[in-house]
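Note that the numbering runs from 1 along the sequence shown for the chain. Atoms within a ligand are numbered from 1 in the order they appear, just like the ligands themselves.
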Amino acid sequence: MSIVIDAHNHIGTRHGATQTGADLVAKMDSTGVAKAVIFPFTEGNFTNDAVKTAYDQFPERLIPYCAVNPWQPDAAAEVRRCVRDWGFKGLKLHPTLNGYHLADPGLVNPLFEEAGDLGIPIIVHGASDLYNAPPEFAEMARRFPKVKLLMAHMGFFWAVDQAIAYAKELPNLYLETSRAPIFEITTAVRELGPGKVIWGTDSPFVDYEWEFRKMERCSADKAVYDLVVGGTMAEILHIAG
Ligand SMILES: [Zn+2]
């Protein structure tokens, strides 16, 4: 049986946007989505508390990830605490908003080491920005081959072809489709196969239903579609599909 899992959502409040667990679950219900990965907004000072609250309310529907700013000296300890004490399942990083290079060894290696020890995936903002362009992902995927690394937005706007090339080369590098247009997503699915392309929405910044419906065009093959919209994510998170 196939399962639909949304790999990218924010919970909490930031300027211009807010979303609670109940808000997201209502969108999932009206769209036919079984489970959704949630993490904080990552601007400025942020905590993982709102994600914990949402997870406590909807433990069967929401999959909590922590987010940390590696400039904070306790960042790796916070990842460990969220996973060990709160049962979180992954890590979100945003190099552009927090001001560091994804491949900065001193800042970011400790977080990847922690994720490797804990056996959790990492999703990183991956538009074609300076701090987290595809070569930085490739560097980290090579440095930490056991860590499953998801590139959010799959290098859109300028770097999708480069993102696809690296994902083809590196077994632990995946492309996540939120906010990317269907032409680029279809190209990625055709080039990489369904096991390396993962659906996410980036709610609340999107029309939730549209971000899901666009995926119907990603492949004419139902088995391929099923893997992209949830099957592969279920494998990564060890969720029975
Ligand atoms: Zn996002």
Side-chain angles (χ1 to χ4, degrees), residues 5-21 23-25 27-28 31 33 35-52 54-55 62-70 79 82 88-100 102 108 111 115 120-134 136-137 140 148-160 163 173-181 184-185 188 197-212 214-215 228-230 233 236-237:
I5 303 173
D6 176 355
H8 186 151
N9 302 274
H10 298 270
I11 293 292
T13 300
R14 53 153 256 177
H15 61 87
T18 185
Q19 182 162 252
T20 65
D23 293 337
L24 175 57
V25 169
K27 294 172 191 175
M28 293 159 64
T31 309
V33 175
K35 292 177 184 284
V37 169
I38 56 170
F39 35 77
F41 297 102
T42 49
E43 291 88 349
N45 293 318
F46 60 89
T47 74
N48 294 293
D49 295 350
V51 171
K52 171 74 161 67
Y55 179 45
L62 303 179
I63 302 164
Y65 285 18
C66 58
V68 295
N69 180 344
V79 175
C82 285
F88 281 24
K89 312 295 184 193
L91 170 63
K92 164 70 188 283
L93 297 173
H94 203 310
T96 299
L97 282 177
N98 295 148
Y100 60 93
L102 174 58
V108 188
L111 301 178
I120 57 169
I122 303 178
I123 184 168
V124 182
H125 173 80
S128 50
D129 307 333
L130 175 65
Y131 282 155
N132 33 232
E136 304 243 4
F137 281 82
M140 294 309 281
K148 292 182 163 57
L149 177 59
L150 278 66
M151 186 192 300
H153 319 305
M154 51 184 283
F156 191 72
F157 196 94
W158 300 114
V160 173
L173 180 60
Y174 300 79
L175 305 186
E176 184 268 323
T177 66
S178 62
R179 306 229 224 170
E184 281 77 4
I185 295 168
V197 182
I198 288 170
W199 171 63
T201 61
D202 201 10
S203 80
F205 300 111
V206 293
D207 179 319
Y208 194 83
E209 186 179 358
W210 173 247
E211 277 293 311
F212 183 54
K214 78 180 185 185
M215 298 306 290
V228 172
V229 299
M233 202 60 203
I236 288 173
L237 292 169

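- In summary, His94 places no N/O/S atom under 2.8 Å from the Zn ion (ligand 1), failing the contact criterion.
- The two atoms that bring Tyr55 and Ile38 nearest to each other are N-CD1, 4.3 Å, heavy atoms only.
- Closest of all the heavy-atom pairs between His10 and Pro40 is ND1-O, 3.0 Å.
- Between NE2 of His10 and OD1 of Asp202, the angle at the Zn ion (ligand 1) works out to 90°, rounded to 10 degrees.
- Between the Zn ion (ligand 1) and His8 there is an N/O/S contact shorter than 2.8 Å.
- By the 4.5 Å heavy-atom criterion applied to side chains, Ser203 and Glu211 are not counted as neighbours.
- The structure places CG of Asp207 at 9.5 Å from NZ of Lys27, a figure rounded to the nearest 0.5 Å.
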